[in-house]
J.: 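Pasting a structure below so you can have a look.
Remember, predicted model here, so these are calculated numbers, not experimental data.
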Amino acid sequence: MKKFIQYLKSPKSDILLFILLLIFANLVVSRSYFRIDLTSPKSYSLSKGSEQVVKTLEEPLSVKVFFSDNLNAPYSSVYQYIKDILVEYKSAANDNFSYEFVDMKKAENEKAARDYGLNQIQIQELKNNEVGVKRVWMGIALLYADRIEVLDSLTSTDGLEYRITTTISNMVSTTSALAGLAGEVKLTLYATKKLADFKIIGFNQMEDEIRAAYGEINKKNKNRIRFESIEPPASEIPSLVEKYGIQSLNWNDPDLGQGTGALGLVLEYGEKFSLLPVKMSRDFFGRNMITGLEGLNEQIEESLKSLVSKSQEIGYITGHGEVEASEQGQYGQPSPSVFAQLISDRYTLKEIKLAEEEIPQSLSSIIINGPKSSFTDEELYKIDQYVLRGGNILLFLDPFEEVQANPYSQPTYNPINTGLEKNLEKWGISVGKKYVYDLNCFSQTDRQYGKMNFYVAPMMQKNTLDQKSPITKNLGYVIFFQNAPLDVTAAKENKDARVTVLAKSSKESWTVDSNISPDPRFISVPSDKSTMASENLAVLVEGKFSSAFSEKPKSADKNESADSAAISSSEHLAKSVQNGKILVVGSSILGGGRIAMFNNAQLLDAEGNQPVSMFVRNAVDYLNGEEDLCTMRTKGLSLNTLTVKNPAASTVAKYFNEIGLVVIVALCGLLVLLKIKAKKRAIRERYNPNDSRIEK
C-alpha cells in the first residue's frame with residue numbers, strides 16, 4: 001500500500017492520473033449539458049421566445065423524432081442539431097415538455113410515422129465510391145392536447161428553431177388564447193344607467209348579452225377573465241375617455257335635463273387594452289341603438305389574441321388600387337398573392353374596404369400596400385383613429401405610378417397622391433415624390449451589355465441597416481427597388497415617439513424626379529459628387545401621436561328622430577391613448593407589387609428565402625408584437641460581406657482571409673516562442689551568468 005501511495009506521489013503516476021481524470025471528466029460531462037454560444041446573433045442558442053413558449057405549457061407536449069440512423073453528411077448534422085436543440089427546449093421547459101427519438105428500424109414505428117402523416121424522402125448517398133439513392137425518414141411529430149402537427153423533410157437546419165417554436169405556439173394559442181399568461185384579464189363595461197331613459201334600442205339587454213358572451217369565453221379560458229360593470233361618475237368620464245377612448249355621450253332634454261354619460265366595453269391585460277365596438281349608433285331611420293353585440297364572442301376572442309400578441313389576422317386595406325391580396329390563378333380561380341403566401345404560415349389577411357366598414361380594433365395591425373387612388377376624409381379618419389387607439393400600420397407607398405402604353409415604349413411616371421400624406425405628415429413622416437438611385441446597387445452581367453448596375457435597386461448592407469432593431473440586425477444585405485426617400489425630421493421632434501431608420505441608401509446615392517428610367521443604359525451618374533447623400537428608405541416610428549383631424553369629418557346627412565336629437569355622442573381622439581407603430585417603406589414592390597424590368601422573385605418570394613422577404617416577414621412580426629420571431633428567423637444570416645467595389649481589393653481580401661490569417665497566427669506564435677526564450681535567457685544571465693548552456 002505504501003509503495004502504491006509513493007507511486008501516486010511520484011512523477012511516474014502523472015500519465016495514469018491524467019487518464020483517470022479524463023475518464024471521470026467524460027462521465028460527468030455525459031450526464032450534464034453545457035454550451036457557450038460565441039456567435040453574434042446567438043445562432044446556436046435557444047431564443048427567449050422559444051423558452052417562453054415551452055416554459056408556460058399548460059398541457060403535456062410530446063415531440064416525437066422520426067429520423068433514420070447512419071445518415072450521411074450533411075443530413076447527419078441536421079440530426080445532431082435536433083438532438084442539441086431539444087435538450088435546450090427540455091432545459092427551458094416545465095414538466096409538460098417531453099421528447100423521444102423513435103427507432104426507425106422497427107416496422108411498427110414506420111407505420112406510426114405514416115399514420116402521423118410523415119413520408120420517406122430520397123437522399124443521395126456515397127458508398128464504395130459510387131453515388132446512390134437512399135430512402136430515409138427525416139421528420140418530427142408534435143402532439144399537444146387534441147392537436148397533432150408534423151414537420152416533414154427536415155433536410156436543413158435553416159430556420160428549424162423558428163418552425164418548431166411557431167408550430168408549438170400556434171397549437172397552444174389554438175387550444176387557449178390565454179395559455180401561458182400570468183395574471184388576470186379584465187373585461188369592464190362602462191355604462192351610465194341614465195341612458196336607459198332615452199329608450200336606446202338594446203340598452204336594457206346589453207349587459208345581459210355581454211355577461212352571456214363573457215361566461216362562455218371565460219369558461220373556455222379556464223376562468224381567467226374577470227367581468228365588472230361600472231357606472232362612472234360624471235367627474236371621471238373625461239379621464240376615462242382620454243385613457244380608453246370610450247364613447248362620450250351628452251344630452252339636453254326638456255324632461256330629462258342636461259347631462260354627460262359614457263359607454264364602452266374594455267378588455268384589459270396589464271398595461272395593454274382593447275376597446276370592443278359596443279357603442280350607441282343611429283340606424284337608417286335615425287333611431288338610437290346599441291351596436292357591436294353581434295358576434296361578441298368572436299370579437300372578445302380576437303381581442304384576447306391581440307392583447308397577448310398572438311393575433312393571426314391582419315387587416316389589408318383595399319379599394320384604392322392597392323396590390324391585390326389574391327391573384328387570378330389556374331382556371332381563373334383566385335389564389336393568394338406572393339405577399340399573402342409569404343406570411344400564410346402564421347397570418348391571414350382580412351380585406352377591409354374602408355368606404356364600407358370600420359377597422360376592427362381587435363386587429364393588431366393593418367397593411368396599406370401600394371395604393372394608387374385617393375382616400376376620402378372619412379377613410380383617412382378611420383386610419384387616424386385606429387393608430388391613436390394603439391393600432392399598428394405597415395405602409396408600402398410608391399411615389400409614382402408606372403404607365404406603359406405598349407411593350408416597346410418607355411414607361412411614363414405619374415406622381416401618386418392618395419391623401420395619406422395628410423396623416424403621415426401629422427405624424428412626422430414625409431414621402432418624397434422621387435426615386436432614390438445608388439452606386440451601391442444590385443448588378444448583373446448581360447451577354448450583350450456586360451455588367452449592368454441597376455442604380456434604382458439600392459443594396460443595403462450592415463452599415464446601412466439598423467443593427468439594433470430586430471427587424472434588420474441579423475440581415476446580411478437587403479435589396480430595395482424603385483424606392484422613394486423618406487424624411488422623419490418632424491417625427492424626431494415628437495418627444496412621445498421613437499424613430500428608427502431601418503434602411504438607408506449609401507452616401508453615394510442621389511434622387512430623380514424627372515426623366516425617370518429604371519434601365520441602367522439610360523441613367524447618367526451625377527458628375528458632382530457633392531449632390532449625393534444618404535436617403536432613408538424604410539423608417540419605423542413608435543409612440544403616441546396627435547390626430548390629423550380636429551373633429552370627425554361630416555358624413556352624409558341622416559334623418560334623426562326626436563328621441564335621437566336629444567342625445568349626441570363623441571368618440572373623437574385628439575391624441576393617442578396607447579402607443580402605436582408606423583412602419584413606412586417607399587416602395588410597394590417590397591409588398592409584392594409587379595415590376596416590368598426586374599424579376600420580382602429576386603425581391604419577394606413566397607418561400608421567404610430572399611433577404612427582402614425576410615425583411616417583410618420581420619416587419620409584420622414586429623408590428624404584431626412577435627419581436628422574438630424576427631431574431632429567431634434570421635439566425636445565421638448575418639454576413640460580414642465585403643463593401644469594397646475594386647476587383648483587385650476584393651482579391652486581396654479573399655486571399656487575406658484564406659492565407660493571411662493563418663500566417664498572422666503563425667507569426668504571433670513565433671513571436672511568443674522567441675519572447676519565452678529571451679525571458680529564459682535573461683533569467684539565466686542574471687542568476688547564473690557562468691552557465692555553460694547559455695549561448696554567447
J.: Would you check if the side chain of R389 reaches a backbone N or O of G245 as a donor-acceptor pair within less than 3.5 Å?
T.: yes
J.: Could you walk me through whether Y89 and I164 pass the side chain to side chain contact (heavy atoms under 4.5 Å, CB included) test, one step at a time?
T.: CA-CA 10 Å; Y89 274 110; I164 294 174; 3.6 Å; yes
J.: Would you check if the side chain of Q467 reaches a backbone N or O of L465 as a donor-acceptor pair within less than 3.5 Å?
T.: yes
J.: Does the side chain of E301 come within less than 4.5 Å of I217's, by heavy atoms?
T.: yes
J.: What distance do I582 atom CD1 and S365 atom OG have between them, rounded to the nearest 0.5 Å?
T.: 13.0 Å
J.: Just wondering, do K279 and S281 contact through their side chains at under 4.5 Å, heavy atoms?
T.: yes
J.: Look at atom NZ of K422 and say whether more than 12 heavy atoms of other residues, nucleotides or ligands are closer to it than 6.0 Å.
T.: yes
J.: Would you say the side-chain atoms of Y386 pair up with the backbone N or O of E358, donor to acceptor, closer than 3.5 Å?
T.: no
J.: Please test L388 against W427 for side chain to side chain contact (heavy atoms under 4.5 Å, CB included), starting from the C-alpha separation and ending with a verdict.
T.: CA-CA 11 Å; L388 266 56; W427 300 332; 4.2 Å; yes
J.: Got a second to check how far I230's CD1 is from L189's CG, nearest 0.5 Å?
T.: 9.0 Å
J.: Step through the shown structure and confirm whether more than 12 heavy atoms of other residues, nucleotides or ligands are within 6.0 Å of CD on E357.
T.: yes
J.: How far apart are the C-alpha atoms of R617 and D345, what are their side-chain angles, what is the distance that settles it, and do they pass the salt bridge (Lys or Arg N to Asp or Glu O under 4.0 Å) test?
T.: CA-CA 11 Å; R617 281 303 311 264; D345 64 328; 2.8 Å; yes
J.: Under the rule for salt bridge (Lys or Arg N to Asp or Glu O under 4.0 Å), what residues qualify as partners of K372, not counting sequence neighbours?
T.: D398
J.: Taking all heavy atoms of I471 and all of N618, pick out the closest pair and write down the distance.
T.: O-ND2, 3.0 Å
J.: For the pair Y381 and H572, name the ring-plane relationship: parallel under 30°, tilted 30 to 60°, perpendicular over 60°.
T.: parallel
J.: State the OG1-CG distance between T188 and L240, to the nearest 0.5 angstrom.
T.: 10.0 Å
J.: Just so I know, are the side chains of L57 and V172 near enough to count as touching, which here means a heavy-atom distance under 4.5 Å?
T.: yes
J.: Indicate yes or no: at least one non-hydrogen side-chain atom of I290 is less than 4.5 angstrom from one of V278.
T.: yes
J.: Taking all non-hydrogen atoms of both residues, which atom of N297 and which atom of A213 are closest, and how far apart?
T.: OD1-CB, 3.2 Å
J.: Please confirm whether the backbone N or O of A538 pairs with a side-chain atom of N536, one donor and one acceptor, at under 3.5 Å?
T.: no
J.: My understanding is that only residues two or more places apart in sequence, or in another chain, count here; which of them pass salt bridge (Lys or Arg N to Asp or Glu O under 4.0 Å) with E322?
T.: none
J.: Is it true that a side-chain atom of Q361 and a backbone atom of S274 form a donor plus acceptor pair closer than 3.5 Å?
T.: no
J.: Do the charged groups of R147 and E149 touch, with an N to O distance under 4.0 Å?
T.: yes
J.: So, K581 side chain and Y622 main chain: donor-acceptor pair closer than 3.5 Å or not?
T.: yes
J.: Side-chain contact, heavy-atom cut-off 4.5 Å: V501 with D466?
T.: no
J.: Looking at F273, is its backbone amide N or carbonyl O close enough to the side chain of Q578 to form a donor-acceptor pair, meaning the two atoms are under 3.5 Å apart?
T.: yes
J.: Taking the six-membered ring of Y316 as reference, does the cationic atom of K350 (NZ for Lys, CZ for Arg) lie under 6.0 Å from its centre and within 45° of its axis?
T.: no
J.: Under the side-chain hydrogen bond (donor to acceptor under 3.5 Å, both in side chains) rule, what do N369 and S588 come out as? Steps first, then yes or no, please.
T.: CA-CA 6 Å; N369 191 1; S588 72; 4.8 Å; no
J.: Run the side-chain hydrogen bond (donor to acceptor under 3.5 Å, both in side chains) check on D621 and Y347 step by step: do they pass?
T.: CA-CA 9 Å; D621 282 336; Y347 306 101; 2.5 Å; yes
J.: If we check side-chain hydrogen bond (donor to acceptor under 3.5 Å, both in side chains) with S50, which of these qualifies: K55, E88, E161?
T.: E161
J.: Start with the C-alpha distance between L265 and L296, add both sets of side-chain angles, then the distance that settles side chain to side chain contact (heavy atoms under 4.5 Å, CB included), and finish with yes or no.
T.: CA-CA 11 Å; L265 185 61; L296 189 57; 4.2 Å; yes
J.: Could you walk me through whether E231 and K194 pass the salt bridge (Lys or Arg N to Asp or Glu O under 4.0 Å) check?
T.: CA-CA 10 Å; E231 181 177 11; K194 183 72 173 176; over 6 Å; no
J.: Please evaluate residues R633 and E627 with respect to the criterion salt bridge (Lys or Arg N to Asp or Glu O under 4.0 Å), reporting the C-alpha separation (whole Å), side-chain torsions for both, the decisive distance (0.1 Å), and the verdict.
T.: CA-CA 10 Å; R633 180 186 297 108; E627 295 89 344; over 6 Å; no
J.: How far apart are the closest heavy atoms of G419 and L380, and which atoms are they?
T.: O-CD1, 3.4 Å
J.: Might you point out which heavy atoms bring A145 and E59 nearest each other, and give the distance in Å?
T.: CB-OE1, 3.4 Å
J.: Check A262 against T192 and note the closest heavy-atom contact, atom names and distance.
T.: N-OG1, 2.9 Å
J.: Which value, rounded to the nearest 0.5 Å, describes the distance between E313 atom CD and I366 atom CD1?
T.: 13.0 Å
J.: Salt bridge or not between K552 and E378? Use side-chain N to carboxylate O under 4.0 Å.
T.: no
J.: Would you say the side chain of I343 lies within less than 4.5 Å of the side chain of I314, judging by non-hydrogen atoms?
T.: yes
J.: Measuring only between side-chain heavy atoms, which start at C-beta, is I368 closer than 4.5 Å to F396?
T.: no
J.: Using a 6.0 Å cut-off, check whether atom CG of D95 has over 12 heavy atoms from anything other than its own residue.
T.: no
J.: May I ask you to test the N624-N392 pair for a side-chain heavy-atom distance under 4.5 Å?
T.: no
J.: Do N494 side-chain atoms and K544 backbone N/O form a donor-acceptor pair below 3.5 Å?
T.: yes
J.: Take Y214 and I225, measure what side chain to side chain contact (heavy atoms under 4.5 Å, CB included) needs, and give me the verdict at the end.
T.: CA-CA 8 Å; Y214 154 75; I225 308 172; 3.9 Å; yes
J.: Mark yes or no for whether Q247, through its side chain, and M280, through its backbone, hold a donor-acceptor pair below 3.5 Å.
T.: yes
J.: If you look at every heavy atom in S373 and G319, which pair is closest and at what distance?
T.: OG-O, 4.2 Å
J.: In Å, rounded to the nearest 0.5 Å, how long is the span from CG of L187 to CD1 of I210?
T.: 7.5 Å
J.: Flag the pair E207 and K193 as a salt bridge only when some basic side-chain nitrogen lies within less than 4.0 angstrom of an acidic carboxylate oxygen.
T.: yes
J.: Determine yes or no for a side-chain-to-main-chain donor-acceptor pair under 3.5 angstrom, with S344 supplying the side chain and Q341 the backbone.
T.: yes
J.: Just to verify, what does E228 make a salt bridge (Lys or Arg N to Asp or Glu O under 4.0 Å) with, not counting sequence neighbours?
T.: R226
J.: Under 4.0 Å between a side-chain nitrogen and a carboxylate oxygen: does that hold for D208 and R211?
T.: no
J.: Can you tell me how far apart CD (E379) and CD1 (I317) are? Round to the nearest 0.5 Å.
T.: 8.5 Å
